[in-house]
Every structure is written in C-alpha cells, then in structure tokens.
Amino acid sequence: MEKITPRLPSGMRDFLPEDVLRRQYVIETVARVFEAFGYEPLQTPVLELEETLLGKYGADAEKLIFHAQHPGGKEKLALRYDLTVPLARAFALQESKLSLPFRRYQIAPVWRAERPQRGRYREFYQCDVDCVGVEGMEADAEVISVAVMALQRLGFSDFAMKINNRKLLTGIGIYAGLEGEALANLYRSIDKLDKIGVEGVRDELIKGGIAAETVARIMALIGSGATTERGYAVAERLIGHLRETLSGVPLALEGLAELEKVFYYLAASEVPSALVEFDPSMVRGLGYYTGPIFEAVSLSADPEERVGSLIGGGRYDELIGLFRKTPLPTVGISLGIERLIVLMEKRGMYPPHLRRTVVQVLVTVFNETLRPAALRLASQLRAAGLSVEVFAGGAKLGKQFAYADKRGIPLVAVLGEDELQAGTVKLKRLSDQHEQVVSGAEVSQIAQKLL
RNA sequence: GUGGCCGUGGUGGAGGGGUACCACGUCUGGUUGUGGCCCAGAAGGUCGAGGGUUCGAAGCCCUCCGGUCACCCCA
C-alpha cells in the first residue's frame with residue numbers, strides 16, 4: 001500500500017486526551033445547569049432524512065448542509081445542521097411518549113460546510129436547551145436564564161445578552177412599506193449595524209433602492225439601538241419610545257408587548273441587569289424564528305477574542321407544525337461551546353484541579369521479578385476506585401518518574417525489595433515532593449488523601 | 001464563493017540566488033532506589049506539490065494543494 005500523509009477534513013479536529021478532559025468539564029458544567037432547570041437529556045441520530053432538514057433554515061443556510069449519500073442508498077440522507085430541527089422531528093414522532101411542556105437539552109456535534117475561522121468549525125458541538133409547548137413568555141425568559149447561568153457557572157461575566165423580536169423587525173418593515181425580498185435585505189443590512197455603523201447601514205439601504213425618506217424613518221427606530229447601553233431601565237424606555245412611533249402597526253406592538261414580558265420575567269429571575277440588552281438592530285439569520293430572538297456576544301475588546309456570538313436562539317412557533325397537524329409554540333437557545341472553549345483556553349479559565357490525564361497513580365515496576373507485586377498493588381488501588389497505571393516495559397526508576405511527570409500523573413507508588421520485605425509501599429506526590437511510607441493495608445486510603 | 005497574507009526536522013521560528021540554521025521536544029550518557037535544573041553527545045529535513053528561469057532555487061516566476069485572516073454567514 002502506498003503511504004498517505006495524514007490529514008484532517010477541513011474545519012474538523014482531533015481532540016487529544018487533555019483537550020477531551022477540558023471539554024468534558026465544560027459540557028458537564030452546562031449540563032448540570034440545564035438539569036437544575038428541569039431539562040431532560042435527548043439524543044438523536046447524526047443523520048437525518050434530507051426532507052427533514054430541507055426548507056427549514058433559509059436558502060443561504062441550506063447550501064451549507066452536508067449531504068451523506070452512499071452509493072445505491074435508497075434514502076436521501078444529510079448530516080444534521082443544528083439540533084433544533086431534529087428536536088422538532090423527534091418530538092412530533094415521539095410525542096405520544098412525552099408530555100407537555102417538554103423541556104430537553106442536547107449536547108452533540110453538528111455539521112456545517114462553512115469556511116473555517118477562529119472559533120468556527122465544520123464539525124462543532126452545540127448545547128441546546130428548548131422548551132416545547134409553552135406559549136407564554138415565561139418560557140423565553142427561562143431559556144435565557146438557563147443560558148446566562150451556564151455562562152456564569154463557567155466564569156463568564158463580560159457578555160451582553162441581546163434580545164429582540166422578529167415581530168418587531170417585520171413591523172418596522174411594514175411601517176417602512178417593505179415586504180418580501182426588500183424586507184430580507186433590510187434585515188441583512190440592519191444586522192450589520194454594529195459592524196458598519198449607522199452611516200454604513202443608511203448607505204446600504206439607499207443603494208438597495210429604498211427611498212431616502214423611508215430609510216431615515218427606519219434609522220430613527222433602530223438607530224437608537226446602535227448604542228450598547230444595557231439594562232432593564234434602558235429596555236423599558238426604548239420599548240415605550242418604539243410603542244409610540246409604531247402605534248399604527250399591530251404586529252410591532254405585539255412584539256413589543258412580548259419583549260416587555262420577557263424582560264419582566266428575566267428581572268424576576270434575577271438575571272443581572274448589566275447582562276441584558278434590548279437591541280432592535282439584532283436580527284439572526286435562521287429562517288424559522290417567529291418571535292423573540294436572542295444572541296449573546298462577548299464584550300472583550302481583545303481582537304483575538306472576537307469569536308462571533310456565544311449564544312443564539314429564539315422562539316419558533318411554526319417549526320414543529322411542519323411535522324404534525326398543528327403547530328406547537330416552542331422556544332430554544334443554543335450555547336456556542338466551541339467559542340466558549342476558545343475564550344476559556346485563552347484566558348486560562350479552567351479550575352486548577354482539572355488534570356491532564358485520567359491516571360491518578362503510577363505504580364512503578366522495580367524490575368521484572370517485582371512486576372507481580374506491582375500488579376497486585378494496582379488491583380488493590382483500583383478496587384478503592386482509583387485510576388491506576390502500571391509502568392509498561394523496563395526502565396530505570398528515574399525514567400518512570402520522568403514519565404509520570406511528563407504525563408501529569410500526580411502520584412507515584414514505589415514498590416521495591418525493601419518495601420516488599422517490610423510489607424509497605426512508598427507514595428510520592430510529584431507536585432510538592434511529599435513522600436511517605438505506608439503499610440499495605442492503608443495504601444489506598446492514604447493515596448486518596450494525597451490526591 | 002471572492003480577496004490579502006503564510007507553508008522550512010515532531011512543534012515554533014531565522015534564512016529573500018552560492019555547503020540548511022536556532023530554540024523547544026525526542027533519544028543516549030553524566031546519575032543502575034526518585035521527575036523538573038545543569039552538562040556532554042546523538043538522531044531527525046526530497047524547505048507544501050508540480051512545472052519554469054538559472055551554471056546553481058528553500059529563496060525568483062507560474063499552476064495547484066493546504067493553512068490563516070477579512071468579506072458573506074454563523075455557535
């Protein structure tokens with residue numbers, strides 16, 4: 001066989017043991033928060049039928065779906081693009097076994113054929129929490145609270161949870177006399193506000209063929225959101241202001257009333273005022289959102305910490321209706337775990353007790369004659385619940401210590417002729433060179449204590 | 001999909017036409033009952049791939065591949 005140079009598919013990664021341990025820490029931390037709010041774990045296949053995925057995300061997003069055909073395959077298959085559409089499909093299919101409201105979380109990889117960038121991959125994990133079957137805004141506020149708490153538990157405090165409403169955006173379009181394609185273009189331009197500024201958006205809208213006067217009216221509404229002022233008081237003021245201006249547009253008023261409730265519940269849930277922001281210019285690309293939409297961004301000024309949005313979500317009351325007779329109100333939110341990990345790596349946000357290896361004790365092998373004794377000691381330690389490695393191969397003690405050090409194994413057990421004679425084991429903690437001789441009977445207990 | 005920048009031992013970098021270099025890592029020894037530090041030595045490269053220019057190319061030119069950043073979009 002000809003040799004091939006090992007390569008990864010573009011935008012995909014191997015995770016080495018050390019990486020996996022850190023990722024597991026992040027995943028377990030957020031999963032614990034999800035469960036604290038009563039969300040249940042759900043798993044679905046990585047492949048879905050094409051018909052399940054197509055037509056849900058919008059034309060731009062659909063181009064990024066990976067198709068997964070095999071030669072002669074009868075079913076048209078594709079890799080899941082997110083966890084939301086699979087939830088809708090799974091819920092509709094399994095609802096006889098479920099009860100409403102159905103709160104579920106899912107932490108699993110999804111695939112998008114995008115151009116990779118920092119914090120952006122073609123295979124990446126999403127952490128979704130969704131609440132099926134609750135019409136009221138308490139559900140929207142709940143998923144936001146869950147996401148905010150998850151970020152806080154990981155140690156983040158410098159982010160803004162931006163909140164807006166699709167109904168309000170559409171209402172602004174109606175107010176400006178736009179619909180269809182023109183409306184979609186309006187959203188796209190508005191979404192760039194924080195990037196290209198008020199003037200940039202104004203120019204782009206005018207270039208897009210919208211009358212200068214109409215553009216001015218739109219900018220008067222959303223331009224006020226260009227400021228990054230956060231907090232409940234600001235949101236309340238802004239809602240009041242928009243309510244007056246848009247008094248003739250029922251859809252916009254409906255959206256504003258929903259937002260008012262969301263902020264009301266969020267405040268009661270003690271989500272800090274400094275973290276929430278009503279941003280009428282925040283849009284989000286996915287096609288299925290129908291009501292409130294959310295997006296959290298890092299407030300870091302460091303350009304190396306610009307990793308896009310950390311959290312995204314919203315209400316999608318029509319999506320499940322595509323898979324059953326009648327629609328079911330649903331709202332959900334997704335944590336960008338990959339981006340959180342990029343920031344945590346950079347800032348060293350992992351707790352000090354996180355180890356680089358699962359191995360807790362290395363049992364050294366003095367020589368081949370003493371290997372059976374080493375194996376017996378390892379079994380004894382394992383029976384006490386420890387993760388134990390017995391040194392493989394023959395090497396001088398010094399090499400075995402160097403190996404433990406390099407691997408990050410915290411504890412080394414030495415069992416030589418002297419110890420065997422005396423019925424003892426010598427334990428050494430590498431971090432501080434603490435060494436003690438213990439009897440065979442108490443070795444497991446002392447080892448636990450030394451970790 | 002479009003554009004900018006970059007591909008040199010395992011990793012990170014220097015070298016911009018004349019014998020491929022440095023640091024870290026790896027291995028051996030100093031030190032056959034103890035890791036990190038120090039010292040001595042060793043292994044490891046068709047300079048991303050192919051073509052061209054040249055007496056001579058890692059270097060210059062072209063094409064392709066890969067990475068990265070920006071746009072687009074997004075977790």
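Since the model is a prediction, treat every value here as computed from it, not as a measurement. Proteins get letters first, then strands, A, B, ... in listed order; numbering begins at 1 in each.
By the 30° and 60° cut-offs, the orientation of the rings of A:Tyr25 relative to A:His353 is perpendicular.
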(request) Mark up nucleotides 38-43 of chain B, 5' to 3', with B wherever a protein heavy atom is under 4.0 angstrom from a base atom, S wherever such an atom reaches only the sugar-phosphate, and - elsewhere. (result) ------
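Ring to ring, A:Tyr39 and A:Tyr105 are not that close: their centroids are 6.0 angstrom or more apart.
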(request) Show the numbers, then the answer: is there a salt bridge (charged side-chain N to carboxylate O under 4.0 Å, His left out) between A:Glu368 and A:Arg371? (result) CA-CA 5 Å; A:Glu368 262 320 297; A:Arg371 185 177 294 277; 2.9 Å; yes
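If you check every strand for non-hydrogen atoms under 4.0 Å, A:Ser10 touches sugar and phosphate atoms only. As judged by a 4.0 angstrom heavy-atom cut-off over every strand, A:Ile311 is placed among residues touching the sugar-phosphate backbone only. Within the nucleic acid shown, A:Ile337 has no heavy atom closer than 4.0 Å to any nucleic acid atom. Nucleic acid contact for A:Glu419: base, since at least one base atom lies under 4.0 Å from a heavy atom of the residue. Counting any heavy atom pair closer than 4.0 Å across all strands shown, A:Val110 reaches no nucleic acid atom. Here A:Lys406 lies in heavy-atom contact (under 4.0 Å) with sugar-phosphate atoms only. A:Tyr121 comes within contact range of at least one nucleobase, with a heavy-atom separation under 4.0 Å.
Atom NZ of A:Lys162 is separated from atom P of B:rC74 by 14 Å (rounded to the nearest Å). Rounded to whole angstrom, the span from the CG atom of A:Asp405 across to the P atom of B:rU26 amounts to 11 Å. Taking atom CG on A:Asp418 and atom P on B:rU34, their separation rounds to 12 Å, with Å as the unit. For the pair A:Tyr289 OH and B:rA75 P, the computed distance is 6 Å after rounding to whole Å. A straight line from CD of A:Glu114 to P of B:rC71 spans 14 Å, rounded to a whole angstrom. In this structure, CD of A:Gln400 is placed 12 Å from C1' of B:rU32, rounded to the nearest angstrom. Rounded to whole angstrom, the span from the CZ atom of A:Phe391 across to the P atom of B:rG33 amounts to 16 Å. Regarding A:Glu62, its CD atom lies at a distance of 14 Å from the P atom of B:rC74, rounded to whole Å.
B:rC74 sits 36 Å from B:rU11 when the P atoms are compared, rounded to a whole Å. Comparing the C1' positions of B:rG10 and B:rG25 gives a spacing of 7 Å, expressed to the nearest Å. Comparing B:rA57 with B:rU46, their C1' atoms are spaced 14 Å from each other, to the whole Å. Rounded to a whole angstrom, the distance from the C1' atom of B:rC72 to that of B:rG59 is 36 Å. B:rG67 sits 16 Å from B:rG48 when the P atoms are compared, rounded to a whole Å. Look at the P atom in both B:rG44 and B:rC21: the space between them is 14 Å, to the nearest Å. Rounded to the nearest Å, the gap between the P atom of B:rG12 and that of B:rC55 is 37 Å. Going from the C1' atom of B:rA14 to that of B:rG7 covers 15 Å, rounded to whole Å.
In a base pair of the Watson-Crick type (N1 to N3 plus N6-O4 or O6-N4) or a G-U wobble (N1-O2 and O6-N3), with each distance short of 3.5 Å, B:rU19 is matched with no nucleotide. For B:rA58, there is no paired nucleotide, since no Watson-Crick or G-U wobble pair has both relevant distances below 3.5 Å. In this structure, B:rG1 and B:rC71 make a Watson-Crick or G-U wobble pair, each of the two defining distances being under 3.5 angstrom. In this structure, B:rA49 forms a base pair with B:rU63, meeting either the Watson-Crick or the G-U wobble geometry with both donor-acceptor distances under 3.5 Å. Across all strands shown, B:rA40 forms a Watson-Crick or G-U wobble pair, both distances under 3.5 Å, with B:rU28. The partner of B:rG9 cannot be assigned: no Watson-Crick or G-U wobble pair with both contacts below 3.5 Å exists in any strand.
Sequence order on RNA chain B of the closest nucleotides to A:Ser431 and A:Pro9 puts A:Ser431 first from the 5' end. Projected onto RNA chain B by closest heavy-atom contact, A:Arg115 and A:Lys399 fall at different nucleotides, the more 5' of which corresponds to A:Arg115.
The side-chain tip of A:Arg89 does not point at the ring of A:Phe323 from less than 6.0 angstrom away and within 45° of straight on. By the 6.0 Å and 45° rule, A:Arg103 does not stack over the aromatic ring of A:Phe37. A cation-pi arrangement is absent between A:Arg112 and A:Phe66 under the rule of less than 6.0 angstrom and at most 45 degrees off the ring axis.
On a pure distance criterion of 3.5 Å, a polar donor-acceptor pair joins the side chain of A:Gln433 and the base of B:rG36. In terms of polar N and O atoms assigned as donor or acceptor, the side chain of A:Lys396 never comes within less than 3.5 Å of the base of B:rU34 in a complementary pairing.
Looking only at side-chain heavy atoms (C-beta outward), A:Val365 and A:Leu370 stay at 4.5 Å or farther from each other.
Taking side-chain N and O atoms only, A:Lys428 has no distance below 4.0 Å to OP1 or OP2 of B:rG33.
You cannot call A:Phe366 stacked on the base of B:rG33; the centres under 5.5 Å and planes under 30° rule is not satisfied.
In this structure, of B:rG35, B:rU68, B:rA75, it is B:rG35 that holds the atom nearest to the side chain of A:Ala402. Which of B:rG35, B:rG33, B:rA75 sits closest to the side chain of A:Leu397 comes down to B:rG33.
Anti is the conformation of B:rG48, whose glycosidic angle sits further than 90° from 0.
Counting only residues at least two apart or on different chains, no ring pair (Phe, Tyr, Trp, His ring centres under 6.0 Å) pair has a member in residues 417-437 of chain A.
For A:Arg153, the CZ atom is loosely surrounded, since the number of other residues' heavy atoms within 6.0 Å does not exceed 12. Other residues, nucleotides and ligands place no more than 12 heavy atoms under 6.0 Å from the CD atom of A:Gln43.
Remark: A:Arg407 does not engage A:Glu18 in a salt bridge, criterion side-chain N to carboxylate O under 4.0 Å.
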